[in-house]
Amino acid sequence: MELKPSFRFAVDIGRFKLQYAKVEGNFDAEMNLSVTTGGSLISMSKEINIFEKPLAAYPLPGIPFLVVVPNLRVSLGANANVNTVFTASHNLTTK
């Protein structure tokens, strides 16, 4: 917020008498306001196994105590996200 007041006072006196007097005043105000927010409303992830089968185990060459057991799996899945953003703004200018 920004405020800018200004005043002017002028007087003309001649022969010990008030000849002219003027008083002016200005007031400027400026205000800016902004709000931004957002987030995730819904986040879903679903996976369904269609087929799964263990395969034959095999030892790794050069490492006799480590055996790899592969597994074959076929899955069907879906992901969904719903996001939202809220923005508000306010400007006020007075002169």
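Only heavy atoms go into these numbers, but all of them, side chains included; no hydrogens, no water, no symmetry mates. The model shown is predicted, which means the values in this text are computed figures rather than measured ones.
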hydrophobic_cluster_shared for Phe86 and Leu33, side chain cutoff 4.5 Å: no
Joint cluster assignment, Phe65 & Val68, ILVMFWY side-chain distance < 4.5 Å: yes
Between [atom1] on residue [X] and [atom2] on residue [Y], distance to nearest 0.5 Å:
| X | Y | atom1 | atom2 | value |
| --- | --- | --- | --- | --- |
| His90 | Ser34 | NE2 | OG | 12.0 Å |
| Ser43 | Asn83 | OG | CG | 8.0 Å |
| Lys46 | Leu76 | NZ | CG | 11.0 Å |

Any pair counted as side chain to side chain donor-acceptor pair (under 3.5 Å), so long as it reaches residues 60-69, sequence neighbours left out: none
Criterion side-chain contact (heavy atoms from CB on, under 4.5 Å) against Gln19, the qualifying member of Asp12, Val11, Ile13: Asp12
For Leu41, the rest of its hydrophobic cluster, which grows through side-chain links under 4.5 angstrom: Ile42, Met44, Val82
What side-chain donor-acceptor pairs closer than 3.5 Å can you find for residues 48-61, not counting sequence neighbours?
| residue | atom | partner | partner atom | Å |
| --- | --- | --- | --- | --- |
| Asn49 | OD1 | Ser75 | OG | 2.8 |
| Glu52 | OE2 | Asn71 | ND2 | 2.9 |

